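Below is one structure, written out as structure tokens, with a few remarks after it.
What you are looking at is a predicted structure, and each value in this text was computed from that prediction instead of being measured. Each chain gets a letter, A, B and so on, in the order the sequences are listed, and its residues count up from 1.
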Protein chains: 2
Amino acid sequence: MPERSERPERKPRADATRNREAVLAAADALFADCDSPEAVTMADIAAAAGVGKATLFRGFGDRTGLIHALYEMRLAPIRRAIEEGTPPLGPAAPPLQRVSALLDAVLCFKIDNRHLALALEGTGGDSPYAAEHYERWHGTLQAALERVPGLADSNFTAHALLAATRADLVEHLVGREGTTREQMRAHLAAFTARVLEP
Amino acid sequence: MPERSERPERKPRADATRNREAVLAAADALFADCDSPEAVTMADIAAAAGVGKATLFRGFGDRTGLIHALYEMRLAPIRRAIEEGTPPLGPAAPPLQRVSALLDAVLCFKIDNRHLALALEGTGGDSPYAAEHYERWHGTLQAALERVPGLADSNFTAHALLAATRADLVEHLVGREGTTREQMRAHLAAFTARVLEP
DNA sequence: CCATGAAACGGACCCGGGGTCCGTATCGTA
DNA sequence: TACGATACGGACCCCGGGTCCGTTTCATGG
């Protein structure tokens, strides 16, 4: 009896995908207006989505997985712009400009998605540095830094620059101290300029 | 009947202080050799100290309080060296040297007390930027930066430089990737030099 | 349009950890 | 030594993440 591995794939169920969307939407909304990410519980999300708790865990594995899915969803456009976009974000940009553009993009993303970034980095268990999206940011940034003349330590420098965009720092400055989005961008730009220019 | 607020203070009980020491020692030891801080539970600490759980909470308020007490204990000497020590760490040092010395001190402390720093910054609930010890680091560093000629944004710059010494970053580089203590110091020194020098 | 089995559902349930309560043991003082 | 205050400890509560299983709903083939 031959293996039937050759795509007997039946269509995915309609309610499953519908529920997945509902969960993502509900979670996004809940995280959006809450003081701190750990204030929103899995049961809350399930209730808000009109779904049983098990559906959450079946669809996303665990809490981290759900947040991760939300995060990647929002991140996808920026990711594309970086990997195959046009300068200054795309790969064709001259190194110096690209580093600045990269960091500015990260910062803007973190500002616009404070809740998610905070929820993700604040997921106590695993450090942010183990996540693959951080690896991507770091890898791309390091590659760009490598092409900057007179700059050793591209590895550490990439880490240090990214550290300036940490979610809780952004939350502290923007959310708590009322720093403007544009002020933040200016500050970060000035800082990176100082690091890059000899 | 006059208020008896004028020091009717009786001597603190011997067992109380003894237990406090035992708890601090036990907690320190447990945090020292564990993969991740949240792996060590309050019950564990109580058991290791030969004490009831309630004693922990009576003496330190909550988990954060206990970790905080440990942290401040270790931090005290460095704090003194900064506030009333001799250059390059003390207040009399020229700004540029002091900034470098300050950051180096923070880094060394975080390396030598990774467990504690990680436990403290990783205490999900409250962001590290709300803690008063961070306020102190930041305040001192900002003051020093203020005296560096040609450097605007001393506030943000202080945050950004301190971000390069975040506990989980240190843990990642030193604990996971095997970076040497001296390598870390060199990297950070080079990075800050780039930021400071025009 | 209906029978069928696979896939998804949902909420009761479990577990582990932070934090509390209160009867009891211990200490400092007179 | 007697006494009141203080600290003790472990049983207990609560809440949130994660699981189990009987039931429901869908896609498919007739």
Between the side chains of [X] and [Y], is a donor N or O closer than 3.5 angstrom to an acceptor N or O?
| X | Y | value |
| --- | --- | --- |
| Tyr134(B) | His159(B) | yes |
| Glu132(B) | His68(B) | yes |
| His187(A) | Asn155(B) | no |

Rounded to the Å, how far apart are [X] [atom1] and [N] [atom2]?
| X | N | atom1 | atom2 | value |
| --- | --- | --- | --- | --- |
| Arg18(B) | dC8(D) | CZ | C1' | 11 Å |
| Asp44(B) | dG17(C) | CG | C1' | 10 Å |
| Phe57(A) | dC20(D) | CZ | C1' | 14 Å |
| Ile45(B) | dG16(C) | CD1 | C1' | 16 Å |
| Arg58(B) | dA5(D) | CZ | P | 17 Å |
| Arg20(B) | dC8(D) | CZ | C1' | 16 Å |
| Leu56(A) | dT19(D) | CG | C1' | 13 Å |
| Met42(B) | dG9(D) | CE | C1' | 15 Å |

What's the closest nucleotide to the [X] side chain, out of [options]?
| X | options | value |
| --- | --- | --- |
| Ala14(B) | dA7(C), dC8(D), dC27(C) | dC27(C) |
| Lys53(A) | dG17(D), dA7(D), dG9(D) | dG17(D) |
| Asp15(A) | dT20(C), dG18(D), dA8(C) | dA8(C) |
| Ala54(A) | dA7(C), dC20(D), dG18(D) | dC20(D) |
| Lys11(B) | dT26(C), dT29(C), dA8(C) | dT29(C) |
| Arg13(A) | dG18(D), dA8(C), dC8(D) | dA8(C) |
| Thr41(B) | dG18(C), dC9(C), dG11(C) | dG18(C) |

Handout entry: Validation row, ring centre Phe31(B) to ring centre His115(B) under 6.0 Å
Key =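 No, the ring centres sit 6.0 Å or more apart.
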Handout entry: Under-4.0 Å salt bridge between Arg74(A) and Asp112(A)
Key = no
Exercise for the section: Quick one: closest heavy-atom pair of Val23(B) and Phe60(B), and the distance? Expected result: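 Looking at all heavy atoms of both residues, the shortest contact is CG1-CE1, 3.6 Å.
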Practice task
Specify the residues of residues 22-32 of chain A, ordered by number, for which at least one heavy atom lies under 4.0 angstrom from an atom of DNA chain C.
Solution key: none
Can I get a per-line list of side-chain donor-acceptor pairs under 3.5 Å for residues 86-97 of chain A, giving both atom names and the distance, sequence neighbours left out?
none

Problem - Leu118(B) side, atom CG; His172(B) side, atom NE2 - distance, nearest 0.5 Å - result: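 Atom-to-atom, Leu118(B):CG and His172(B):NE2 are 12.5 Å apart.
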Problem - Residue closer to the 5' end of DNA chain C, Ala39(B) versus Gly52(A) (nearest nucleotide) - result: Gly52(A)
Exercise for the section: Answer yes or no: does a side-chain N or O of Arg63(B) lie under 4.0 Å from OP1 or OP2 of dG18(C)? Expected result: yes
Handout entry: Phosphate OP1/OP2 of dA8(C) contacted by Asn19(A) side-chain N/O (<4.0 Å)
Key = no
